[in-house]
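In what follows, chains are A, B, ... by sequence order, proteins preceding strands, each numbered from 1.
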Protein chains: 2
Amino acid sequence: MAEDAPRRQPTLAEVAELAGVSRSAASRALNDAPHVSRAKREAVARAVRQLGYVPNPTARALATRQTGAAALVVSGEDPSIFADPFFAQVIVGASTALEEADLHLMLCLAASDRGRKRVEELFRSKGADGVMLMALREDDPLVGMAEEAEMPVVFGGRPVGPAPRWYVDVDNVGGAREATEYLVSRGRTRVAAICGRLDTEAGRARYRGYRDALLAAGLDPLPPQEGDFTEPSGAAAMAVLLAHHPDVDGVFAANDNMAAGALRTLRAAGRAVPADIAVVGFDDLTVAQVADPPLTTVHQPITALGREMARMLVTVINGHDPTPLILPTRLVTRSSA
Amino acid sequence: MAEDAPRRQPTLAEVAELAGVSRSAASRALNDAPHVSRAKREAVARAVRQLGYVPNPTARALATRQTGAAALVVSGEDPSIFADPFFAQVIVGASTALEEADLHLMLCLAASDRGRKRVEELFRSKGADGVMLMALREDDPLVGMAEEAEMPVVFGGRPVGPAPRWYVDVDNVGGAREATEYLVSRGRTRVAAICGRLDTEAGRARYRGYRDALLAAGLDPLPPQEGDFTEPSGAAAMAVLLAHHPDVDGVFAANDNMAAGALRTLRAAGRAVPADIAVVGFDDLTVAQVADPPLTTVHQPITALGREMARMLVTVINGHDPTPLILPTRLVTRSSA
DNA sequence: GCTTCCAATGGGAGCGCTCCCAAGATCAGG
DNA sequence: CCTGATCTTGGGAGCGCTCCCATTGGAAGC
């Protein structure tokens with residue numbers, strides 16, 4: 001008899017037979033559940049080794065009604081939003097925490113109609129044990145899906161509107177306030193804000209922090225100069241700012257990408273940083289260190305954000321009800337302010 | 001009767017009953033397979049809508065022996081390797097292509113023993129329909145796992161050693177050669193290389209390209225000054241270079257991160273770029289545009305790399321045998337050289 | 001010596017879907 | 001009007017695992 005090509009994987013039943021025990025006993029032994037004698041436990045282990053048995057996760061999932069996976073869904077208008085290194089760091093944290101709970105990570109970029117439809121299906125079909133949701137915008141359809149879904153959902157950063165039950169966020173207001181206060185403390189009196197998308201809670205919160213700080217210092221906040229968190233948008237916003245308020249001497253940018261863009265515009269315009277204009281960013285990504293001059297920026301613990309989101313999700317999946325978490329930020333001073 | 005809490009999802013059997021057809025017919029209608037009358041097809045559609053039915057992917061997976069997911073596995077010694085924005089772009093491409101094939105994306109960072117063990121289990125248990133493998137190092141245990149796995153595996157970038165059956169790579173040698181030739185064409189005669197990890201094929205290939213170009217121009221290549229693709233390692237390598245070869249007038253760095261690091265060291269050492277030393281990078285990530293001076297660099301189509309990997313994987317999953325693909329690079333000249 | 005209790009055990013019934021296959025319905029051709 | 005070919009149809013048997021539950025057999029208690 002020729003060996004028929006990719007021979008089927010051994011099943012638990014075969015393991016049981018080889019070990020001379022029942023399927024039930026084999027199953028219990030495998031999941032080291034109680035009520036299995038030491039002898040049978042060993043017999044099963046031997047059979048597993050001999051057969052090279054690996055449990056079939058799909059079958060297990062069907063029987064237990066648990067998929068063994070958690071999804072990270074990132075919203076956005078187009079997939080390029082995900083190119084921001086921010087998400088990569090979130091993933092590093094989330095992946096590590098999920099690994100500890102022995103869950104797989106599914107990544108969904110809900111950045112097209114097709115993508116959103118697939119996420120909806122994921123929710124409705126319970127295709128994962130839980131979901132982490134990020135980068136939501138105002139009136140984001142994902143919020144509705146999450147509400148309807150009978151599935152654990154943890155938000156990364158609050159969505160615009162009422163706070164969800166479970167979320168992990170960063171102290172955006174506090175960070176922005178600290179950055180602006182720093183600018184003021186360095187003697188800047190005409191400080192502007194290049195803010196992120198105002199249809200995101202992060203964008204709004206950071207502008208709020210900026211405004212609060214200025215008001216508290218008895219200075220006049222400028223109206224928000226909106227960017228979209230990308231480098232080019234920061235460069236453009238800075239150009240507008242320069243045109244309308246030639247006398248600005250300080251800029252708080254809602255993230256490092258935009259701050260880097262501002263730096264570029266400033267360089268082109270011949271303004272010295274920080275001598276003429278001081279610039280502060282937000283995020284503390286690699287770009288902040290590489291920029292010239294290196295950016296003074298608000299550090300946020302991005303990997304921790306991912307890690308805590310995942311941990312919180314696992315807690316919820318296990319039937320508990322954790323309280324939301326707000327991670328601290330801190331100002332890192334370099335040379336741009 | 002109180003409505004019992006999270007009422008079980010409707011099953012296909014219930015849909016069939018409501019529609020007055022058999023489970024088989026309902027199944028066929030759902031997957032629009034042939035042999036279903038128009039009338040029944042519509043009845044099923046109506047029942048589906050009325051019940052809010054969504055098929056259970058796990059059950060389907062068990063029956064069809066297809067998981068409906070593809071995994072992207074990123075190797076590395078620790079998870080931080082993934083923080084490189086390079087991977088984020090790969091994911092954007094892969095995710096888009098996978099979406100078209102209606103496959104989910106599982107992300108596995110094989111950056112710890114635990115992580116590698118989970119990948120091995122994934123392979124052995126056929127926990128995905130196929131795998132994309134990246135960032136392999138010499139003697140990487142993942143290569144062995146991939147070989148033994150009876151599962152479609154597409155490599156992103158070739159591993160060190162014999163070329164695998166299916167891979168998508170970038171023309172590393174050609175790109176490095178072009179970069180170096182450019183340096184030579186600008187009159188540089190003492191050109192050094194800050195190369196990436198030499199236990200990766202990309203690191204080796206780029207050094208080879210550098211060496212080939214110099215040899216062809218009748219100049220002497222310097223021995224490889226090895227970094228690990230990170231910014232600090234580039235800064236450190238540049239410092240060593242400056243100490244041992246104070247007269248270098250050109251540097252080819254194997255990626256933008258290291259080039260940015262080199263720039264930093266050069267700035268600290270008071271060397272003008274490109275006047276005293278010209279610098280060329282590789283990748284063309286955002287950092288290249290933000291660096292000061294903006295980096296002349298070898299652009300590689302990263303999103304396309306991800307997209308083509310995913311497409312190739314889908315092709316293999318569908319039973320075909322595509323040929324490996326090598327994507328072109330091109331030099332983008334900015335101000336650093 | 002005889003209950004009492006509990007660990008150990010294995011059979012059976014699913015989990016929700018696909019798919020093979022036998023049987024019935026439909027229709028054209030002779 | 002009958003025969004054979006083609007399309008529909010639904011029952012049944014899995015896919016591989018978990019888990020409930022009834023049964024067994026000692027060990028411990030009186």
Engineer: How many whole angstroms separate atom CG of L51(B) from atom P of dG16(C)?
Structural biologist: 14 Å
Engineer: Is a donor from one side chain sitting under 3.5 angstrom from an acceptor on the other, for R60(B) and N31(B)?
Structural biologist: yes
Engineer: Look at T58(B) and dC17(C) and indicate whether a side-chain polar atom (N or O) is within less than 4.0 Å of OP1 or OP2.
Structural biologist: no
Engineer: Could you check whether P55(A) gets within reach of a base, just the sugar-phosphate, or nothing at all, counting any heavy atom under 4.0 Å?
Structural biologist: sugar-phosphate
Engineer: Looking at R65(A) and dG16(C), is any side-chain donor or acceptor paired with a base atom of the opposite kind under 3.5 Å?
Structural biologist: no
Engineer: Is any side-chain N or O of K40(A) closer than 4.0 Å to OP1 or OP2 of dA8(C)?
Structural biologist: no
Engineer: Send over the distance from L30(A) CG to dT18(D) P, rounded to a whole Å.
Structural biologist: 7 Å
Engineer: Ignoring backbone atoms, test whether S27(B) places a side-chain nitrogen or oxygen under 4.0 Å from the OP1 or OP2 oxygen of dT18(C).
Structural biologist: yes
Engineer: What distance separates F86(B) CZ from I81(B) CD1, expressed to the nearest 0.5 Å?
Structural biologist: 9.5 Å
Engineer: Would you please confirm or rule out a distance under 4.0 Å between OP1 or OP2 of dC15(C) and any side-chain N or O of N56(B)?
Structural biologist: no
Engineer: Is the shortest side-chain N/O distance from S37(A) to OP1 or OP2 of dT9(C) below 4.0 Å?
Structural biologist: yes
Engineer: Will you find, in the side chains of E99(A) and S112(B), an N or O donor that is under 3.5 Å from an N or O acceptor?
Structural biologist: yes
Engineer: In whole angstroms, how far is the P atom of dG14(D) from the CZ atom of R60(B)?
Structural biologist: 22 Å
Engineer: For L62(B) and dG16(D), what is the distance between atoms CG and P respectively, to the nearest whole Å?
Structural biologist: 7 Å
Engineer: Could you pick out which residue, R28(B) or A59(B), lies toward the 5' side of DNA chain D when each is mapped onto its nearest nucleotide?
Structural biologist: R28(B)
Engineer: Just the rounded figure in Å: distance from P of dG16(C) to CD of Q66(B).
Structural biologist: 21 Å
Engineer: Take K126(B) and E150(B), measure what salt bridge (Lys or Arg N to Asp or Glu O under 4.0 Å) needs, and give me the verdict at the end.
Structural biologist: CA-CA 8 Å; K126(B) 297 213 198 331; E150(B) 300 163 346; 3.4 Å; yes
Engineer: Going by an N to O cut-off under 4.0 Å, is there a salt bridge joining D199(B) and R137(B)?
Structural biologist: no
Engineer: Specify the separation, in whole Å, of atom NE2 of H35(A) and atom P of dA22(D).
Structural biologist: 15 Å
Engineer: Which is true for T64(A) with a 4.0 Å heavy-atom rule: it touches a base, it touches only sugar-phosphate, or it touches nothing?
Structural biologist: sugar-phosphate
Engineer: R23(B) side chain N/O closer than 4.0 Å to the phosphate oxygens (OP1, OP2) of dG10(D)?
Structural biologist: no
Engineer: Nearest whole Å is fine: how far is dC17(D) C1' from K126(B) NZ?
Structural biologist: 17 Å
